[in-house]
Amino acid sequence: QVQLVESGGGLVQAGGSLRLSCVASGSTFSTYHMGWYRQVPGKERELVARVSSSGFSTYYADSVKGRFTISRVNAKNTVYLLMNSLKPEATAIYYCNADRSIDRTSYWGQGTQVTVSS
């Protein structure tokens, strides 16, 4: 029902910055909490950052706190992840997620590759 399309991934040197974008289809974007996850081969997908449906509250993994910023513009059906001071450990496929707990709906994007060189 909801399609998510990520963009903005690429190759960046350690210490650099990158901004990921995720655009959602439909008219229900503002009802979902939005999150960014990342995954590397052989490891479980992990939550990087999350923002509430209203944008009022945010969550960050300890590993990125102070360096990454999640934001959303509901009028554009878009959630962003600004990644500053990137480290090689951030290399992964980054996925956008839309979640609505009250009716247990969840959607995933196709992922975008982020590679941080040392």
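Along the sequence shown, residues are numbered consecutively beginning with 1.
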Those residues that, when tested against Tyr37, pass ring pair (Phe, Tyr, Trp, His ring centres under 6.0 Å) (two or more places apart): Trp108

Nearest 0.5 Å, please: how far is NE2 in His33 from CD1 in Ile102? 8.5 Å

How close do [X] and [Y] get, heavy atom to heavy atom, and via which atoms?
| X | Y | result |
| --- | --- | --- |
| Ser17 | Ser85 | OG-N, 4.3 Å |
| Ser118 | Ala14 | CA-CB, 4.4 Å |
| Ser117 | Leu11 | CB-CD1, 4.3 Å |

Who are the side chain to side chain donor-acceptor pair (under 3.5 Å) partners of Lys65, not counting sequence neighbours? Asp62

Residues Gln39, Glu44; criterion side-chain contact (heavy atoms from CB on, under 4.5 Å); working and verdict: CA-CA 6 Å; Gln39 187 170 28; Glu44 294 292 309; 5.7 Å; no

Connected hydrophobic set around Phe56, excluding itself, where side chains approach under 4.5 Å: none

Taking ILVMFWY side chains as joined if any heavy atoms are under 4.5 angstrom apart, and letting links pass through other members, which residues group with Tyr94? Val2, Leu4, Val12, Leu18, Leu20, Phe29, Tyr32, Met34, Trp36, Val48, Val51, Tyr60, Val64, Phe68, Ile70, Val79, Leu81, Met83, Leu86, Tyr107, Val114, Val116

Just by modelled atom types, is the Ser52 backbone N or O under 3.5 Å from a matching donor or acceptor in the Arg72 side chain? yes

Would you indicate whether Gln3, at its atom CD, is surrounded by more than 12 heavy atoms from other residues, nucleotides or ligands within a distance under 6.0 Å? no

Which pairs pass side-chain hydrogen bond (donor to acceptor under 3.5 Å, both in side chains) with one or both residues in residues 21-31, sequence neighbours excluded? Thr31-Arg100

Glu6 versus Gln110, side-chain donor and acceptor atoms under 3.5 Å: yes

Listed by chain and number, what are the side chain to side chain contact (heavy atoms under 4.5 Å, CB included) partners of Asp99, not counting sequence neighbours? Arg50, Asn97, Ser101, Ser106

Under 6.0 Å from the ring centre and within 45 degrees of the ring axis: does the NZ or CZ of Arg45 meet both conditions for the six-membered ring of Tyr95? yes

